[in-house]
Amino acid sequence: MSYVSDVLNAVIAKNPAQPEFHQAAKEVLESIACVVEDNPKYKKNAILERIVEPDRQIMFRVPWVDDGGNIRVNRGFRVQFNNAIGPYKGGLRLHPSVNLGIIKFLGFEQIFKNSLTGLPIGGAKGGSDFDPKGKSDNEVFRFCQSFMSELFKYIGADTDVPAGDIGTGGREIGYMYGTYKKLTGLYEGVLTGKGLTYGGSLARTEATGYGLVYLTEEMLKNAGKSLAGMTVTVSGSGNVAIYAVQKATELGAKVVTMSDSNGWIYDKNGIDLKAVKEIKEVNRGRLSDYAKYRPDAEYHTTGSVWSVKCDIAFPCATQNELNLSDAATLVKNKVLAVAEGANMPTYPDAADYLIEKGVLYAPGKAANAGGVATSALEMSQNSQRLSWTFAEVDAKLKNIMINIFGQMNENAERYGKKNNFVLGANVAGFIKVAEAMLAQGPQ
Ligand code: NDP
Ligand code: 2IT
């Protein structure tokens, strides 16, 4: 058996009941097999065995008191996966589905994504099975305070810098930052996605969605096309989806769908983003309210946005939300490109199918790297004790995304797999981390 399959079999045997982690490890390891064959030093130095094993996995009890005076208990996680190229960096997910396997898949992906940004950040992820939906501000505060009263022991501006992800936005980051500061007495850049009044970076809120669109525009440009005039479908209606819709619309595309966990909207006239922002960002409401703003739009609780004919698809909700039958529908409808705002939204067989059919498929670790890249820019500004303008940060973000496309495109070609951006992104992300690990010895 090959080195890659030996390591994958060990991952499956040693990490039972973690299907998402197995899926992420398989995708990365199988696509870098070519590099591993070319470089016997990786096997000799057990790079794969080391890269699939987190540096440490922290799990803790998070007790908090709800508004009725009842004690509630959630589970907290931080998986510090790899710090070969910089301090641990990655978001905190608050969603009832969170478990160790999901945090490990996200932390593993983050290693390669962070490497692709070209910035000095290692890979980590954390979160909790706490559900912020339907909770009062006071309940969210008490949860965040309890969560950080344990997490603060393991993080720091030069150690591990968490940020937002599903369910963790500006409100949660603010409560966690206040708690960290109170417990440590340190005013330091320990979290990113902070508010603009206390060390946040302009353009961080927009960065993941904008970056997704910048990378897609570059990928289309390389194929002699552009977003202008294209019809786009988007899933999700959170941070990533909203700013992807905003930038795609600005570049002349027409976005016709968005979704949340209850249903999805189809607005043939183009999504009214002001309405979506009011529903989601201001009211913390449900997309079913969209009809109040646009009575002509359709709202569906069955099926999915992928049934709508489009040129470009942006999955921006969560993992495994686009299956093989969705991919077949997209191909039948002549989709040109699928670029992932979410982490691992496409099932592996669906991704293979898209690539095989010649669809330009940009995997999340490349396409959504603009968020963490701008987090790293927030860290730079915090270290300098300066704030850059929106235009400065946005220009840096755009350059980073163009550079990421260049790296994945070049590496796909180098290994004779033109337009296989899964291979290209994984190879480019992996080599830098592997070389840093080699240089630092068998730790
Ligand atoms: P938000 O919490 O802001 O929004 C998440 C959106 O996805 C909501 O519309 C939510 O619907 C929907 N969603 C979440 N979970 C599910 C589910 N299990 N089934 C159906 N719909 C679901 O999160 P973000 O926009 O920040 O994150 C979206 C994706 O992007 C995630 O995969 C995240 O890991 C990834 N990402 C985020 C980055 C960031 O900077 N925020 C950076 C890079 C990647 P509902 O409101 O009903 O729950
Ligand atoms: O998946 C991701 O890259 C994020 N949730 C953002 C991480 C970060 O540190 O900004």
Side-chain angles (χ1 to χ4, degrees), residues 87 89-94 119 121 124 126-128 130 132-133 135-149 151-152 155-211 237-244 246-247 273-274 276-285 368 370-394 396-397:
K89 182 84 197 87
L92 297 171
R93 177 173 291 191
L94 300 183
L119 299 168
I121 38 179
S128 172
F130 173 76
K133 264 198 216 101
K135 303 290 189 304
S136 69
D137 283 352
N138 280 329
E139 289 177 324
V140 170
F141 174 73
R142 288 192 293 270
F143 166 82
C144 289
Q145 190 176 48
S146 177
F147 180 78
M148 187 52 87
S149 70
L151 185 67
F152 86 101
I155 62 176
D158 293 311
T159 323
D160 182 356
V161 182
D165 193 77
I166 291 177
T168 306
R171 174 182 61 174
E172 291 74 19
I173 293 290
Y175 293 159
M176 289 182 196
Y177 189 76
T179 306
Y180 179 87
K181 180 166 63 76
K182 187 167 179 183
L183 289 168
T184 61
L186 294 171
Y187 207 104
E188 61 172 12
V190 67
L191 293 167
T192 58
K194 298 187 291 299
L196 298 176
T197 52
Y198 64 95
S201 173
L202 285 162
R204 174 62 188 89
T205 304
E206 294 82 356
T208 311
Y210 277 23
S237 49
N239 173 265
V240 179
I242 285 177
Y243 293 96
Q246 183 160 312
K247 185 51 78 178
L273 198 59
K274 205 162 151 257
V276 173
K277 282 187 175 184
E278 193 170 304
I279 295 167
K280 288 289 169 179
E281 293 184 339
V282 182
N283 304 337
R284 296 184 187 276
N368 70 37
V372 75
T374 307
S375 279
L377 300 178
E378 182 172 329
M379 289 164 71
S380 303
Q381 293 169 79
N382 291 164
S383 298
Q384 284 186 308
R385 303 197 189 285
L386 291 173
S387 303
W388 305 336
T389 63
F390 190 99
E392 277 176 281
V393 180
D394 190 39
K396 286 185 168 47
L397 166 64

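All values reported here derive from a predicted model rather than from experimental measurement.
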Could you report the tightest heavy-atom contact between Y198 and G174, atom names first, then the distance? OH-CA, 3.0 Å
Can you name the closest pair of heavy atoms from Q381 and S201 and give their distance? NE2-OG, 3.0 Å
To the closest 0.5 Å, what do you measure between CE (M379) and CD (E188)? 10.0 Å
Between E378 and the options L202, V393, T192, the side chain to side chain contact (heavy atoms under 4.5 Å, CB included) test singles out T192
Atom pair NZ (K396) and OG (S380), whose distance is rounded to the nearest 0.5 Å: 8.5 Å
Should the pair F130 and F143 be assigned to parallel (<30°), tilted (30 to 60°) or perpendicular (>60°) ring geometry? parallel
Between R204 and S375: side-chain donor-acceptor atoms closer than 3.5 Å: yes
For residues S149 and T179, report the shortest heavy-atom separation together with the two atoms involved. N-CG2, 4.4 Å
Flag yes if more than 12 heavy atoms outside N138 fall under 6.0 Å of its CG atom; otherwise flag no. yes
L191 side, atom CG; M148 side, atom CE - distance, nearest 0.5 Å: 4.5 Å
Any side-chain to backbone donor/acceptor pair from N382 onto G199? Under 3.5 Å, distance only. yes
Should E278 and N283 count as side-chain neighbours, where that means a heavy-atom distance under 4.5 Å? yes
Evaluate the side-chain proximity of I155 to V161: yes if any heavy-atom separation is below 4.5 Å, no if none is. no
Test your reading of the model: is there a side-chain donor-acceptor pair from K89 to the backbone of A124, 3.5 Å cut-off? no
Closest approach of G156 to Y180 (non-hydrogen atoms, all atoms of both residues): CA-OH, 3.7 Å
Please find the pair of heavy atoms, one from E281 and one from Y243, that lie closest to each other, and give the distance. OE2-OH, 3.1 Å
Determine whether L397 and E206 make a side-chain contact, defined as any pair of heavy atoms from C-beta on separated by less than 4.5 Å. no
T208 OG1 to I242 CD1 distance, which is reported to the nearest 0.5 Å: 12.0 Å
Does some side-chain heavy atom of V240 sit less than 4.5 Å from a side-chain heavy atom of N368? no
Once rounded to the nearest 0.5 Å, what's the spacing between atom CE of M176 and atom NZ of K181? 16.0 Å
Side chain proximity check, Y175 to D137, heavy atoms < 4.5 angstrom: yes
Looking only at heavy atoms, what is the nearest atom pair of L94 and P132, with distance? O-CD, 3.7 Å
Side-chain heavy-atom pair T374, Y210 within 4.5 angstrom cut-off: no
Once rounded to the nearest 0.5 Å, what's the spacing between atom CG of L151 and atom CG of L183? 10.5 Å
